[in-house]
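Here is the structure we will look at, set down as structure tokens.
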Amino acid sequence: MLGSADDVHHEVGRQVLSRYGQLAPHGGFPQAAVIVGSFAVDDGQWYGRHWHTTHQLAWAERGVIAVRAQGNTWVLPPTMALWIPAGVEHATGAAGAVVGRSLYCAPDRCPVDWSAPTVVGVSPLLRELIAYLADDGLPAEARERAEAVLIDQLRPVSVTTVLAPLPSDDRARRVARALRTRPSDSRTLAEWGAEVGASARTLARAFTAETGMPFGQWRTRVRLQAAMPLLAGGATVAAVAPRVGYASPSAFVAAFRRVVGVPPGVYFSP
């Protein structure tokens, strides 16, 4: 779904961030506990692995972002954001074109003490607060009040990461890459084996040993990853389901709920 990292710069009001989103040497928090960074990322681009001295709330105002950290991958529509504690190494990419906003919070002025990446829901109020705090001309007292409300709006959401790592076996990897390109392909492992020169059993073993899940589960996750940018863009479940390999909308909804923990109507709703 997503490719290699490319160099992309963030801008934070008048504060410039480095290629990996770090505050530049002249940046900082002179009057604010929270700085809002705005950025655009093309489909498939990644910020390579990096970390911040600040806490970060990674959020896509439009589009879908993916964040890899601590062995997990989160795929996040505009209704979800990821809190990344200071010092946690991560990589961020785009599924489809993304207009993003990241919040950078000074650890010594932020009461949130989550020690691991945490998904939060983005309510309409939180969305408006982020836009409000992006104005670096706000008076200090108004900014302080808005920051307090924003922090109060950071509420964890229990959703499961959608992880679909590539196997290292060359033949299984060829299958995996083909399915990422065309997730609706319903060929069996035996049929794939005839194409890549391996038995179904060999491919099955490779997927289980090298991705941590059987082939069927892996393919389900790839299909859900492919569906998320479409759903975030406003496509209906009925339109998306056949595009990613499901015979009916109900089958797609059942798979989504089983993997993510909530149905798509909840995941993509404010």
Side-chain angles (χ1 to χ4, degrees), residues 1-5 43-44 46 49 64-77 82 89-96 116-117 119 158-232 235 237-264 267:
M1 179 184 67
L2 298 170
S4 301
D43 181 21
W46 278 91
R49 299 195 69 83
V64 175
I65 60 170
V67 182
R68 296 172 180 161
Q70 298 183 337
N72 292 312
T73 300
W74 291 266
V75 182
L76 305 162
L82 186 69
E89 190 177 72
H90 59 281
T92 305
V119 176
S158 296
V159 295
T160 302
T161 61
V162 183
L163 179 66
L166 287 172
S168 56
D169 178 272
D170 180 66
R171 295 159 300 180
R173 183 177 285 258
R174 286 167 59 191
V175 175
R177 290 192 182 281
L179 285 169
R180 281 188 169 185
T181 301
R182 189 184 175 193
S184 62
D185 195 318
S186 60
R187 277 180 282 180
T188 66
L189 278 182
E191 291 171 318
W192 280 113
E195 180 170 320
V196 302
S199 69
R201 179 176 294 182
T202 296
L203 292 176
R205 282 200 301 261
F207 271 94
T208 300
E210 298 167 10
T211 73
M213 65 192 82
F215 172 73
Q217 292 182 16
W218 185 93
R219 182 166 58 184
T220 294
R221 282 156 175 74
V222 163
R223 288 174 169 178
L224 297 185
Q225 285 185 348
M228 283 185 170
L230 303 175
L231 293 169
V237 167
V240 170
R243 290 184 61 177
V244 297
Y246 288 91
S248 68
S250 60
F252 172 78
V253 170
F256 195 102
R257 181 195 289 270
R258 186 169 61 251
V259 173
V260 178
V262 295
Y267 195 76

Between [X] and [Y], what is the shortest heavy-atom contact and its length?
X	Y	answer
Pro167	Ala206	CB-O, 4.4 Å
Val240	Ala227	CG1-CB, 3.5 Å
Pro183	Val222	CB-CG1, 4.4 Å
Arg223	Asp185	NH2-O, 3.5 Å
Pro263	Phe256	C-CD2, 3.8 Å
Arg221	Met213	CD-SD, 3.4 Å

dist Thr211:OG1 -> Arg219:CZ (nearest 0.5 Å) comes out at 13.0 Å
Distance check, rounded to the nearest 0.5 Å: Arg174 atom CZ versus Leu203 atom CG?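 The CZ atom of Arg174 sits 10.0 Å away from the CG atom of Leu203.
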So Val75 and Leu224, side chain to side chain contact (heavy atoms under 4.5 Å, CB included) or not? Walk me through it. CA-CA 10 Å; Val75 182; Leu224 297 185; over 6 Å; no
Run Trp74 and Ile65 through side chain to side chain contact (heavy atoms under 4.5 Å, CB included) and show every step you take. CA-CA 8 Å; Trp74 291 266; Ile65 60 170; over 6 Å; no
Does Thr202 have any side-chain hydrogen bond (donor to acceptor under 3.5 Å, both in side chains) partners at least two apart in sequence or in another chain, and if so, which? Ser199
Could you list all the salt bridge (Lys or Arg N to Asp or Glu O under 4.0 Å) pairs where at least one residue sits in residues 200-213, not counting sequence neighbours?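 Qualifying pairs, neighbours excluded: none.
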Just by distance, do the side chain of Arg49 and the backbone of Ala91 share a donor-acceptor pair under 3.5 Å?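 Side chain of Arg49 to backbone of Ala91: no pair is present.
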Donor-acceptor pair, Glu195 side chain versus Trp192 backbone, under 3.5 Å?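 No, Glu195 side chain to Trp192 backbone: no donor-acceptor pair under 3.5 Å.
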Evaluate the ring planes of Trp218 and Phe215, with Trp represented by its six-membered ring, and classify them as parallel (under 30°), tilted (30 to 60°) or perpendicular (over 60°). parallel
With sequence neighbours left out, which residue pairs that include part of residues 245-262 fulfil the side chain to side chain donor-acceptor pair (under 3.5 Å) condition? Ser248-Ser250
Please evaluate residues Leu166 and Arg180 with respect to the criterion side chain to side chain contact (heavy atoms under 4.5 Å, CB included), reporting the C-alpha separation (whole Å), side-chain torsions for both, the decisive distance (0.1 Å), and the verdict. CA-CA 10 Å; Leu166 287 172; Arg180 281 188 169 185; 3.8 Å; yes
Apply side chain to side chain contact (heavy atoms under 4.5 Å, CB included) to the pair Tyr267 and Leu76, showing each step before the final yes or no. CA-CA 9 Å; Tyr267 195 76; Leu76 305 162; 4.2 Å; yes
